[in-house]
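Notes follow the structure.
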Amino acid sequence: MDRYSSDDDEDHQNLIPQNDIRDNNNLRRRDDDLQPVTTAMATNGGGSSPRSTFQIEETVSRSRNHSLSKRYIFAAVSLTLLLGVFFFLFTDTTRSFFSVDLSSFNKLDPLSVKAKESELRALYLLKQQQSALVSLLNHNSSNAIESAISLSREIEEVLLSPHRTGNSSLSGLGSDTSITGSSYRCKKVDQNLSERKTVEWKPREDKFLFAICLSGQMSNHLICLEKHMFFAALLDRVLVIPSPKFDYQYDRVIDIDRINTCLGRTVVVSFDQFKEMDKKKEKSAPRIDRFICYFSSPQPCYVDEEHVNKLKGLGVSVGGGKLEAPWSEDIKKPSKRSSGEVVEKFKSEDGVIAIGDVFYADLEKDWVMQPGGPIKHKCKTLIEPSRLILLTAQRFIQTFLGKNFIALHLRRHGFLKFCNAKSPSCFYPIPQAADCISRIVGRANAPVIYLSTDAAESETGLLQSLVVVDGKVVPLVKRPPRNSAEKWDSLLYRHGIEDDSQVDAMLDKTICAMSSVFIGASGSTFTEDILRLRKDWGTSSTCDEYLCRGEEPNFIAEDE
């Protein structure tokens, strides 16, 4: 099993229709770690992989039933027409009929001054409501419904304000806050951390869990590693991080020692540390006493002869030389499992066990999807970018983006066939994608978009020309090529990790996770890992969503 196999082949072989992450359950699919376009003529590519049902996902996706939408559309349109008639009668017919000189009239009647100001504000809000209603009619969007309701209330308040008595003033109802629409702009999500349900991870010093993560690429493996932490906590074992000769070099992208710091005890060790500890204890080559497969089908543990040979090459022997599965479990139809079932089936007195591959495992999803995950610790999250990558992301944001920016993960390479195999498809024509992006930019009022993509320049160039808000093109910013005059990426060069594709991918994730609003790619575990970080870091926004959420592509190619 080669993790660098072609995108189309991986997508075709591993697509699981039941695990569609477009709904609120957001079950994971495999995905390559995507790179941003760093030059005007080249892109850093990535692969594709299906998504796990165990995926961390926090994006809020509220839906309303169709009949309610119809009733609201009828009521909102009726209100708009009624207000239109009111303005026509009041501003045009009445004034024309009496031929009043407004400048003189205003001097005599302070109420008319307030009425005139209210009319102007209400006219602006009516225009905003019209846009929301058009979106509602076109897409049946819950966000458009909420915007239209909010606007209706504001219009009512603005129109009534001049006629109120006492100390009531126009500034309290028709202030700049209403005019700019900031009252319903994107807000941070309240994560309600006080209600977290967690498990203590207090491993026995002589019991180890060897993490086996083989499906997909880096984003999938990080998700798999996070699940292994939960397994290790349930089974009271120290987690062994795989060797870079068997898996990815995790210590380049995440801070492994920080995990121990967050728990105040040793809960994870590197493969080299494990090897030394085992040698001192056994005075022989390290061995895996039991190799247990979470999934028995279609291939036990996702392990083939090549991976067995890699383990042997590391000097690790497998006791009994066989793989065992405690239950019948199919990757294509993963069963919902409880923590009690895991303890019952995987509990062992053996010193070292290996469990593979748990990427697709559907275990206590509501529990593990909490901000910070299911394990009790004193940090915001256990798996986060290394300090070098985090600082580099901050420097990039300070240099090019500023505090208020939108991040867009636009997955294109290998995604056309992958998305068209789903219903509905998640691959959108560039003009349609630009419309969706522009609507979110309008709500977020952000001046710039950070673009993380593997798309060709022909696509990103067209997208740039079409993302227009209020008549202005919104810049799409991509990480530029190395320039010695720029110092934002100096830390990576100083430590010799500037050309590592996985470091680039994690840097992209970090920048996206720190944005004001994030637009992700449905079906991408790269996107899902960003959403996990946003949830854990508290940067999630009410405007976060998948690209063109709730829409179908306006054109879909036929199958081969």
Cationic N near anionic O, under 4.0 Å, E498 to R482: no
R204 with D236: basic N within carboxylate O range, under 4.0 Å: no
From CA spacing to verdict: side chain to side chain contact (heavy atoms under 4.5 Å, CB included), V240, Q273: CA-CA 9 Å; V240 180; Q273 289 173 321; over 6 Å; no
Validation row: V477, L451 side chains within 4.5 angstrom (heavy atoms): no
Where I254 and L225 come nearest, the two heavy atoms and their spacing: CD1-CD2, 4.1 Å
From R411 atom CZ to L416 atom CG, the distance as rounded to the nearest 0.5 Å: 11.5 Å
F396 ring center near Y450 ring center (under 6.0 Å): yes
Test: D500 and R252 ion pair at under 4.0 Å: yes
NZ/NE/NH1/NH2 to OD/OE distance under 4.0 Å, D529 and R532: yes
Atom pair CG/OG of N404 and S516 - distance to nearest 0.5 Å: 4.0 Å
Distance-only polar pair, side chains of D350 and S348, donor-acceptor under 3.5 Å: yes
Gap separating the CG atom of L234 from the CG atom of L209, nearest 0.5 angstrom: 10.5 Å
Pairing of D255 and R387 as salt bridge, 4.0 angstrom limit: no
Electrostatic pair D536:R534 at N-O distance under 4.0 angstrom: no
R258 and E384 ion-paired at < 4.0 Å: yes
Nearest heavy-atom neighbours spanning M229 and L239: CG-CD2, 3.8 Å
Sidechain N-carboxylate O distance under 4.0 Å for K478, E457: yes
Flag side-chain contact, heavy atom, 4.5 Å: Q398 against W488: no
K245, NZ atom: more than 12 neighbouring heavy atoms under 6.0 Å: no
Spacing of T392 atom OG1 and D504 atom CG [to the nearest 0.5 Å]: 10.5 Å
Nearest atoms (heavy-atom pairs only) where D357 meets S215: OD2-N, 2.9 Å
Exercise: identify the closest heavy-atom pair between R395 and S490: NH1-OG, 3.4 Å
Nearest-0.5 Å distance that lies between atom CG in D508 and atom OG in S452: 3.5 Å
Test of ring centre spacing under 6.0 Å for W367 and F230: yes
Salt-bridge contact E528-K535 (side-chain N to carboxylate O under 4.0 Å): no
Residues R337 and D362 bridged, charged N to O under 4.0 Å: no
Euclidean distance, I389 CD1 relative to Q502 CD, rounded to 0.5 Å: 10.0 Å
N-O pairing of D435 and R439 below 4.0 Å: no
Donor-acceptor contact below 3.5 Å, side chain R196 vs main chain G373: yes
Check: H221 side chain, C213 main-chain N or O, donor-acceptor pair, under 3.5 Å: yes
